[in-house]
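Have a look at the structure below before the remarks.
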Amino acid sequence: MKLGILGYPVTESMSYKVFNEYFELIGKKSTYDALNVQPEDFEREVHGILKEYDGFNVTKPFKEKIMRYITLDENARNMGAVNCVFKNKGYNTDWKGFVRSLEGIEIPKVVTLVGAGGASRALLYGLLKLGVERVYLVNRTFERAVRLSKDFGDHVEIIPRRLDALKDSLKESSALFNATSVGMRGEKFFDISPEDLSHLSLVYDVIYIKTHLQEMAREVGITVVSGESMWYHQAVENLKIWGIPFHEEVFKKVFEKVVLK
Ligand code: ATR
């Protein structure tokens with residue numbers, strides 16, 4: 001099977017490393033190519049890629065752009081983003097990976113979600129599926145939070161807020177979800193201290209390395225779920241869509257080697 005990852009840039013893609021190694025270990029005659037397409041070439045290249053490839057992942061900046069060239073699974077359409085394609089049909093496994101990574105964990109009804117980009121969109125859709133009733137959507141660029149809240153606001157109460165309202169939002173919430181890249185380079189999570197988190201039951205961080213936020217949450221004894229778990233589960237969902245066997249032990253070994261290092 002001919003598979004790949006379409007994005008720009010995709011050179012450092014985890015999917016590229018994990019899937020190639022996994023296919024080799026299970027002896028599957030599949031290839032997984034890096035489809036590095038410059039945004040200005042997208043329109044010209046996409047038709048050929050759809051013809052040539054059985055399936056592929058889609059990453060930044062094409063998750064929305066790809067939608068008008070393919071048919072869509074209902075969740076991908078409702079969510080407004082595609083990260084996995086199979087036979088010219090688009091799916092979204094990001095939100096599914098998010099939901100799976102929370103299996104067995106009770107989700108409070110009122111939560112704070114920080115960020116209003118693509119990751120936040122996936123989390124918001126997942127939270128909606130998990131039955132959350134109110135979301136404080138905090139973002140540096142307030143207008144982006146307003147826009148995102150409009151997309152899902154018919155299904156759940158979403159209150160867009162500015163960054164300076166983060167502490168107050170946390171006071172009114174029982175869980176914090178970080179969907180920004182803040183913490184990726186070792187930086188602090190805004191002006192939040194462990195005391196601001198101590199009443200929460202859950203801290204979820206989409207970043208897949210250890211961050212200051214995760215450290216603070218652990219310090220005060222809160223359940224922490226991080227991005228590596230979301231990534232793992234979305235990857236497994238991709239295999240399902242492409243109809244490729246999932247050998248848990250092998251996949252876990254590759255995942256641990258590449259992602260957790
Ligand atoms: P993704 O698709 O991974 O979510 P994105 O669309 O670039 O990526 O969104 C990144 C998110 O992280 C945004 O919410 C962004 O805030 P803005 O909408 O204001 O850009 C947030 N973000 C990134 N770096 C940040 C920083 N240093 N401080 C505050 N927010 C930050």
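Order of listing sets the numbers, starting from 1, for every ligand and every atom in it.
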For ligand 1, which atoms sit closer than 4.0 Å to a heavy atom of [X]?
X: F190; value: 28 (N), 29 (C)
X: S181; value: 12 (O), 23 (C), 24 (N)
X: G115; value: 14 (O)
X: A116; value: 14 (O)

Please tell me if atom 10 (C) of ligand 1 is touched by the protein, where touching means a protein heavy-atom distance below 4.0 Å. no

Does a donor on one side chain and an acceptor on the other come within less than 3.5 Å for [X] and [Y]?
X: E43; Y: Y69; value: yes
X: Q234; Y: N238; value: yes
X: Y136; Y: D168; value: no
X: N92; Y: N75; value: no

Between F255 and Y232, what is the ring plane arrangement, given parallel below 30°, perpendicular above 60°, and tilted in between? perpendicular

Taking the inter-plane angle between the rings of F56 and Y53 on a 0 to 90° scale, is it parallel (under 30°), tilted (30 to 60°) or perpendicular (over 60°)? perpendicular

Tell me which protein heavy atom sits closest to [atom], plus the residue, atom name and distance to 0.1 Å.
atom: atom 6 (O) of ligand 1; value: R144 NH2, 3.1 Å
atom: atom 19 (O) of ligand 1; value: T141 OG1, 2.5 Å
atom: atom 16 (O) of ligand 1; value: N139 OD1, 3.4 Å

I want to confirm something. Looking only at heavy atoms, which of R140, R121, E143 is nearest to atom 25 (C) of ligand 1? R140

Quick check: does [X] get an N/O under 3.5 Å from an N/O on ligand 1?
X: G118; answer: yes
X: S120; answer: no
X: A119; answer: yes

Closest heavy-atom contact between E172 and V110? O-CG1, 3.3 Å

Testing Y125, Y204, W231 one by one against F98 for a side chain to side chain contact (heavy atoms under 4.5 Å, CB included), which residue passes? Y204

Within-shell test, K60 vs ligand 1, heavy atom, strictly < 4.0 Å: yes

Does T180 approach ligand 1 within less than 4.0 angstrom via side chain, backbone, both or neither, non-hydrogen atoms only? both

Please check if the number of heavy atoms outside E45 that lie under 6.0 Å from its CD is greater than 12. yes

